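First listed ligand is number 1; within each ligand, the first listed atom is number 1. All figures in this text were calculated on a predicted structure; none of them were measured in a lab.
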Amino acid sequence: MTQADNRPTNFIRQIIDEDLASGKHDHVQTRFPPEPNGYLHIGHAKSICLNFGIAQDYQGSCNLRFDDTNPAKEEVEYVESIQKDVQWLGFQWNGEVRYSSDYFDQLHAYAVELIEKGLAYVDELTPEQIREYRGTLTSPGKNSPYRDRSVAENLALFDKMKQGGFQEGQACLRAKIDMASSFIVMRDPVIYRVKFAEHHQTGNKWCIYPMYDFTHCISDALEGITHSICTLEFQDNRRLYDWVLDNISIDCHPRQYEFSRLNLEYSIMSKRKLNLLVTEKLVDGWDDPRMPTISGLRRRGYTPAAIREFCRRIGVTKQDNTVEMSALESCIREDLNENAPRAMAVLRPVRLVIENYPVDQEEILSSPNHPNKPELGTHELPFAREILIDEADFREEANKQFKRLVLGKEVRLRHAYVVKAERVEKDADGNITTIYCTYDAETLGKDPADGRKVKGVIHWVSAKHAVPATVRLYDRLFSVANPGAADDFLATINPHSLTLIEGAMLEPSLKLAQPEQAYQFEREGYFCADNKLSSPDHLVFNLTVALRDTWQG
Ligand code: ATP
Ligand code: MG
């Protein structure tokens with residue numbers, strides 16, 4: 001398959017193909033316009049892959065523009081994290097980062113133009129009255145008593161707003177459109193409001209701020225955006241988008257196209273709700289590995305390629321839908337199965353002594369980094385008389401289905417010898433403390449000479465050489481499929497979403513594991529060293545994803 005064949009097709013790309021074929025456009029310019037009021041999540045990744053992906057495939061470019069018209073909720077921390085996440089996903093924006101606030105002067109001038117044309121007025125109804133006058137889906141709104149002020153009066157009052165002459169909520173600028181429109185967004189929408197808040201880009205220069213609907217279309221036009229792609233909830237707002245651009249003196253008129261948002265089962269995509277999880281300390285920050293944020297997925301061990309592949313597979317349509325968590329997990333599992341180095345880790349260790357192995361002997365065995373990729377080489381694996389195996393891999397008695405170690409029977413130690421369990425030692429409570437075995441010295445890398453069949457293989461680490469680690473196992477963060485629909489979504493948090501294993505023992509090569517570099521812990525799953533908590537003195541590993549789909553939706 002050629003690269004071109006692998007390109008996604010969707011209705012937005014079809015529109016672009018038509019626009020290029022008809023000569024309506026000779027290039028493609030998109031933008032990704034996050035509001036810096038939280039960290040990016042997997043839903044944003046869908047929008048990023050769409051906007052930046054289109055720019056890449058059509059040799060166009062994509063702007064990164066912060067939609068920063070609400071200084072009260074926005075922070076520099078978010079501005080920085082968003083840039084980092086976009087780049088980590090593998091995309092680069094066109095030129096400098098842009099901000100809607102870069103255009104505050106121009107936006108103000110366009111507002112004045114609307115006033116001069118008799119298309120905007122300063123309203124002094126209270127916010128509650130404005131809501132009342134707006135009407136409902138079934139009843140028309142009614143005109144504000146301030147709607148018919150003269151142009152001169154409106155210009156003076158708008159200037160007074162700008163000079164700080166009104167309190168918040170005392171006055172606002174509204175577009176004069178149609179209080180009876182069947183589209184509520186067209187019922188004289190507010191386009192400027194008073195807000196005495198310091199802005200992270202413009203400081204205290206302004207005490208009036210433009211509203212999203214007024215700002216977005218003008219910013220798109222100023223940047224020469226050809227296709228302004230957003231999610232379906234802005235479908236009605238498209239009327240206002242077009243109305244503003246049709247009524248101001250600006251040459252460019254981008255077209256807005258809407259697609260359906262990504263919803264993910266057992267997850268939430270609302271930044272407001274994600275923020276609540278953080279502020280209520282129900283998770284360990286925006287990048288908690290259970291969060292559906294880009295930084296959380298990254299810390300969990302997801303790769304940019306797996307997230308991009310997920311976005312490719314879910315596609316872009318106008319249908320509302322909810323994607324199963326297993327769809328996301330398959331993408332990372334397939335990536336890591338292909339690319340993650342293999343290693344051994346014993347999560348719940350029990351001691352195993354090989355009594356016929358010489359007391360002071362140690363061997364350096366060799367273990368392939370990837371079973372199907374010899375080109376990835378091997379690493380050293382120390383072996384000695386005392387090893388550790390997982391307590392789940394031993395039983396005193398078991399039927400044939402249990403292909404691990406059983407008293408009196410043999411099992412292969414992965415990449416090492418065949419051992420036979422001879423007896424066990426227990427503590428006062430009856431817990432097994434040591435399993436005593438013998439080994440067959442002729443079975444390193446080969447079957448027993450006499451034709452004995454040894455079916456089971458278990459993983460292990462050398463007790464003397466192993467390094468201790470904390471292992472964090474994750475389950476879904478919510479216990480219901482659609483937590484966003486619950487009255488109190490916080491009450492649907494899964495109390496068992498994190499299991500801490502303190503005493504895990506890892507093969508020594510893992511001491512050098514880089515944060516975020518995922519490994520397959522053989523027979524256990526895919527894990528990576530935590531990018532915040534892990535250090536060479538105290539290793540902390542996160543479960544990225546299980547080896548098989550264990551999801552029970
Ligand atoms: P939230 O509801 O999480 O606050 P938002 O739409 O307010 O999301 P923005 O920062 O405005 O967040 O989003 C930037 C871009 O990402 C927008 O174009 C928006 O449509 C898109 N986007 C946000 N959430 C999703 C999602 N779940 N699926 C696809 N695109 C999304
Ligand atoms: Mg938004």
Option with minimal heavy-atom separation from atom 31 (C) of ligand 1, where the choices are G43, S228, P36, P33
G43
Nearest heavy atom to atom 12 (O) of ligand 1: which of R261, R31, K271, E233 does it belong to?
K271
For Y99, ring-ring contact (aromatic ring centres under 6.0 Å, His included) partners two or more places apart:
F66
L262 to ligand 1: N or O pair under 3.5 Å?
yes
At the 4.0 Å heavy-atom cut-off, does R272 count as touching ligand 1?
no
For L477, is there any backbone N or O sitting under 3.5 Å from a side-chain donor or acceptor partner on N494?
no
Does any N or O of ligand 1 fall below 3.5 Å from an N or O anywhere on D67, backbone included?
no
Report yes if H44 has an N/O atom closer than 3.5 Å to an N/O atom of ligand 1; otherwise report no.
yes
Partners passing side-chain contact (heavy atoms from CB on, under 4.5 Å) against D213 (at least two apart in sequence or in another chain):
N237, L240
Main-chain N/O of R333 paired to N337 side chain as donor or acceptor, under 3.5 Å
no
side-chain hydrogen bond (donor to acceptor under 3.5 Å, both in side chains) between R476 and H496: does it pass, once the steps are laid out?
CA-CA 8 Å; R476 53 201 178 200; H496 309 294; over 6 Å; no
Can a cation-pi geometry be assigned to R7 and Y58, taking NZ or CZ under 6.0 Å from the six-membered ring centre and within 45° of the ring axis?
yes
Which of the atoms in ligand 1, numbered in the order shown and given with their element, are less than 4.0 Å from a heavy-atom of S270?
3 (O)
Here's one to test your reading of the geometry: is the NZ or CZ of K273 within 45 degrees of the ring axis of F489 and under 6.0 Å from its centre?
yes
For ligand 1, which atoms have a heavy atom of E35 less than 4.0 angstrom away?
9 (P), 10 (O), 11 (O)
Counting from 1, what ligand 1 atoms have a heavy atom of M269 closer than 4.0 Å?
1 (P), 3 (O)
Run the numbers for me: atoms of ligand 1, each under 4.0 Å from some heavy atom of T231, listed by number.
19 (C), 20 (O), 29 (C), 30 (N), 31 (C)
